[in-house]
Amino acid sequence: MSLQKRTLTLKESLDELHERYTSHTGPVDRTDHEFFEKVKNETAPYFELVQDWYEEVEPFVKERDVTVHPNQIKSTHENIEMLILHSYYLDVDKNRYKDLHQSSHYVLDMVLDNL
């Protein structure tokens, strides 16, 4: 998968996660093993996608003259991982979630502009 396609897929995934965050409720019991297994299975593709994206975009940013700094890529990778979990456990307030979501989209758009 090309970096452009992977970045676009990641943007779509962020929007899916945002929809989940706004339309679902969190677990009643955070120690619920069944819920944990569900989250683990459903989030695995998201974690794999963001990891693959990171491994591909990091050298791209380091090797080229682009407007995205490598630290922004690392932070975006971490922010997306947090968004994945926050979308299921709903353990962050709406403003913080919104900030993480918007900043991730911003950096992804910057990557797309530099391709």
Tell me whether the count of non-hydrogen atoms from other residues, nucleotides or ligands lying under 6.0 Å of CD in Glu37 goes above 12.
yes
So which atom in Tyr88 and which in Glu42 form the shortest heavy-atom distance, rounded to 0.1 Å?
OH-OE1, 2.9 Å
Quick one: pull up CG in Leu100 and OG1 in Thr76 and give me the separation to the nearest 0.5 Å.
10.0 Å
Just by distance, do the side chain of Ser2 and the backbone of Lys5 share a donor-acceptor pair under 3.5 Å?
yes
Answer yes if Met82 and Leu108 sit in the same cluster of Ile, Leu, Val, Met, Phe, Trp and Tyr residues linked by side chain heavy atoms under 4.5 Å apart, and no otherwise.
yes
Side chains of Ile73 and Val111, heavy atoms from C-beta outward: is any pair under 4.5 Å?
yes
Please name all residues satisfying side chain to side chain donor-acceptor pair (under 3.5 Å) with Glu56, sequence neighbours left out, ordered by chain then number.
Arg6
Candidate pair Lys98 and Gln102, rule side-chain contact (heavy atoms from CB on, under 4.5 Å), full reasoning:
CA-CA 6 Å; Lys98 180 181 170 188; Gln102 288 178 337; 3.3 Å; yes
List the atom of Tyr21, the atom of His86, and the distance in Å for their closest heavy-atom pair.
CD1-O, 3.5 Å
Would you mind telling me which of Gln72, His77, Glu78 makes a side-chain hydrogen bond (donor to acceptor under 3.5 Å, both in side chains) with Lys74?
Glu78
Just to verify, what does Tyr106 make a side chain to side chain contact (heavy atoms under 4.5 Å, CB included) with, not counting sequence neighbours?
Met110
When the side chains of residues 60-69 are checked against the rest of the protein, which donor-acceptor pairs come out under 3.5 Å, sequence neighbours left out?
residue: Thr67; atom: OG1; partner: Asn114; partner atom: ND2; Å: 2.8
residue: His69; atom: ND1; partner: Asn71; partner atom: N; Å: 3.1

Salt-bridge criterion met for Glu34 and Lys38 (N-O under 4.0 Å)
no
How many angstroms lie between atom CH2 of Trp53 and atom CD of Glu58, to the nearest 0.5 angstrom?
10.0 Å
Steps toward side-chain contact (heavy atoms from CB on, under 4.5 Å) verdict (Leu49, Thr9):
CA-CA 8 Å; Leu49 175 63; Thr9 303; 3.8 Å; yes
I need the Ile80 CD1 to Leu85 CG distance, nearest 0.5 Å.
12.5 Å
Treating Ile, Leu, Val, Met, Phe, Trp and Tyr as nodes and any side-chain heavy-atom pair under 4.5 angstrom as an edge, say whether Phe47 and Met1 lie in one connected cluster.
no
Name the one of Leu17, Thr22, Leu14, Val92 that satisfies side-chain contact (heavy atoms from CB on, under 4.5 Å) with Ser87?
Leu17
Sub-4.5 Å side-chain heavy-atom contact between Tyr46 and Leu83
no
Check the angle between the aromatic planes of His101 and His105 and answer parallel, tilted or perpendicular using the 30° and 60° thresholds.
perpendicular
